[in-house]
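Before any comments, here is the structure.
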Number of protein chains: 2
Amino acid sequence: MIQHRSDQEGLRQRKRRETLQRITESALRLFADRGYEATTLDAIADASGISRRTFFYYFKSKEEILAAWQKGLPEAFRAAIMRESPDQSPIDAVRNAHLGLLTHYDAARALIIDRIIRSSDLLRASNQMKYLELERAAFEALCERWPQKTREELRVTAMVSVGALRLAIDAWAEEDGRRPLEDHLAEAFVHLKIK
Amino acid sequence: MIQHRSDQEGLRQRKRRETLQRITESALRLFADRGYEATTLDAIADASGISRRTFFYYFKSKEEILAAWQKGLPEAFRAAIMRESPDQSPIDAVRNAHLGLLTHYDAARALIIDRIIRSSDLLRASNQMKYLELERAAFEALCERWPQKTREELRVTAMVSVGALRLAIDAWAEEDGRRPLEDHLAEAFVHLKIK
DNA sequence: GTGCGATTTTACAATGAGTGTAATTTTGAG
DNA sequence: CTCAAAATTACACTCATTGTAAAATCGCAC
């Protein structure tokens, strides 16, 4: 059998990671310079030293360049909720889960990507889908963690908490991240005194 | 000056309305039959008896065929909120505004369109944008109607109420509209006891 | 280090949405 | 009827995305 070295990284893995990195960096630069829609895949491929066809070997679509950085967020969110104590209210648990995740945030890069996303209707729309996925992850985790609560109530809790996260991120991006995201999140949750 | 007959409908207006109707109907039929993505604009144009180029004289994009039916909803929503008495809480006002608008709903057609929208990622995403527009409309109306409340609180109120509408529509579509949308909406709002 | 199979890259061609342009037809007001 | 505006069309183009198949590269076995 083939011996896989999951700790060591072969030349293949390294080149793949490097190319991925190269595509992401040049695309981000081009998006910031010329705008998302105005940047063609040909331009990205050129800037990354690959052919246009090869681009699709790395990303499913142009959009995915920006989506990739937040892949796995729903799962991390779910796990964070599951780590919370079931003694507190679900809404408090989700707020705490949020705060726990935010410590791993690269604020500078997040702001750059956020600005690009807000510049295009297409990207704004697909970004909303990300919140929907977070909401679903939260809902499922809440149902597991608080089985005595009704699904209807937990669905509303998930909607409300992820909505608060969205409002916090919006406010944070609006002022270019002057105050930390945590502050905005805390503020948004102040007005959520559900049940 | 040119005398415009806004009451009478000229041949031009009638033909335009008829063609619009024809495009919408044949597109909906094709979407329901073959699916949204699998239906090309050529097919829609053929089925509507127009050229592909003419299609774009009626709709900005393929998506817009489905978006058109809910155009003006944000404005109607804003107006409905402004009609509510400022004596009740903002959240109650928005709930009542929702209920008022729902009486004008064509449930059968809404379900057909809803099913198409849920069948495509692209459509689901742009549908989320509609909720965002509703949320903005609600927020602006609330700020006008309850100037003594803070904008932060009203922003959360708008988010929460439109979110409840979304959950209600989801649940309603999930069970193919067996119970009226109003019931689902009332249920969703039960869990919103903000402040 | 050679060879072989798997992975990666590429060229080429095609589909389908959307846009610009300019020509042609239809409508309606005078 | 006559002419300007509105509506329709053909044609050609850009761009994202996908299919196919050939070519290049890698890494393990020998």
Side-chain angles (χ1 to χ4, degrees), chain A residues 1-23 26-27 30-31 34-68 116 120-123 125-126, chain B residues 1-24 26-27 30-31 34-68 116 119-123 125-126:
Chain A
M1 261 333 284
I2 295 175
Q3 176 82 23
H4 278 298
R5 304 167 303 172
S6 53
D7 49 336
Q8 276 286 322
E9 189 188 49
L11 179 57
R12 267 194 176 134
Q13 324 291 323
R14 203 191 69 222
K15 274 191 67 174
R16 182 171 186 82
R17 196 173 40 74
E18 284 172 354
T19 305
L20 215 57
Q21 183 75 16
R22 199 143 27 84
I23 296 173
S26 38
L30 288 169
F31 291 161
R34 320 180 189 173
Y36 175 76
E37 329 253 6
T39 303
T40 67
L41 286 182
D42 279 323
I44 297 173
D46 275 356
S48 312
I50 57 174
S51 72
R52 194 175 45 142
R53 195 65 185 80
T54 298
F55 168 85
F56 288 101
Y57 190 70
Y58 285 89
F59 293 98
K60 266 203 319 293
S61 68
K62 190 174 164 184
E63 257 182 57
E64 221 210 359
I65 305 172
L66 295 160
I116 296 172
S120 147
D121 280 342
L122 200 74
L123 294 176
S126 73
Chain B
M1 257 337 281
I2 296 175
Q3 176 81 23
H4 279 297
R5 305 166 306 170
S6 53
D7 49 336
Q8 278 285 323
E9 188 188 50
L11 179 58
R12 256 180 189 149
Q13 323 291 324
R14 204 190 69 222
K15 274 190 67 175
R16 183 171 185 83
R17 195 172 40 74
E18 285 172 353
T19 305
L20 214 58
Q21 182 73 17
R22 199 144 28 84
I23 296 174
T24 304
S26 39
L30 288 169
F31 290 161
R34 319 181 192 173
Y36 175 77
E37 329 254 3
T39 303
T40 67
L41 286 183
D42 279 322
I44 296 173
D46 275 356
S48 313
I50 58 173
S51 74
R52 195 174 57 116
R53 197 63 184 81
T54 299
F55 168 84
F56 289 103
Y57 190 70
Y58 284 90
F59 293 98
K60 265 203 320 293
S61 69
K62 190 174 163 185
E63 257 183 58
E64 220 210 0
I65 304 173
L66 294 160
I116 296 172
S119 75
S120 148
D121 280 341
L122 200 74
L123 293 176
S126 74

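Throughout, a chain's letter reflects where its sequence line sits, starting with A, and its residues are numbered from 1.
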Side-chain donor/acceptor of B:R52 to base of C:dG18, under 3.5 Å: yes
Quick one: side-chain hydrogen bond (donor to acceptor under 3.5 Å, both in side chains) partners of B:T24, sequence neighbours excluded? none
Under the side-chain hydrogen bond (donor to acceptor under 3.5 Å, both in side chains) test, which residues partner B:T54, sequence neighbours left out? B:S51
Calculate the interatomic distance between A:R17 atom CZ and C:dT8 atom P; express it in whole Å. 14 Å
Roughly how many Å is it from CG in B:L122 to P in D:dA16, rounded to a whole number? 15 Å
Under the ring pair (Phe, Tyr, Trp, His ring centres under 6.0 Å) test, residues paired with B:F55 that sit two or more places apart: B:F59
Counting distance alone, no hydrogens or angles: does the base of C:dG18 have a donor or acceptor under 3.5 Å from a partner atom on the side chain of B:R53? no
Applying side-chain hydrogen bond (donor to acceptor under 3.5 Å, both in side chains), can you list everything that pairs with A:T39, at least two apart in sequence or on another chain? none
Whole angstrom is fine here: how far is it from CG in A:L20 over to P in C:dT9? 11 Å
Pull out every residue in residues 39-46 of chain B that has a heavy atom closer than 4.0 Å to any atom of DNA chain C, ordered by number, or say none. B:T39, B:T40, B:L41
Ranking B:I50 and A:Y36 by the position along DNA chain D of their nearest nucleotide, the one closer to 5' is B:I50
Rounded distance in Å - CZ (A:R16) to P (C:dT7): 11 Å
Side-chain donor-acceptor pair present, B:R22, B:T19, cut-off under 3.5 Å: yes
Grab the CD-P distance between A:Q13 and C:dA6 for me, whole Å please. 17 Å
Give the rounded distance in Å between these two atoms: CG of B:D121 and P of D:dT17. 13 Å
Can you find a side chain N or O atom of B:K15 that sits less than 4.0 Å from OP1 or OP2 on C:dT27? yes
The criterion is side-chain hydrogen bond (donor to acceptor under 3.5 Å, both in side chains); which residues satisfy it with B:D121, sequence neighbours excluded? B:R124
Quick one: salt bridge (charged side-chain N to carboxylate O under 4.0 Å, His left out) pairs with a partner in residues 43-54 of chain B, sequence neighbours left out? B:D42-B:R52
Got a sec? Which of residues 54-63 of chain B come in under 4.0 Å of DNA chain C, heavy atoms? B:F56, B:K60, B:S61, B:K62
Can you sort out the partners of A:E37 under salt bridge (Lys or Arg N to Asp or Glu O under 4.0 Å), two or more places apart, ordered by chain and number? none
From A:Y58 OH over to A:I50 CD1, what is the distance, rounded to the nearest 0.5 angstrom? 7.0 Å
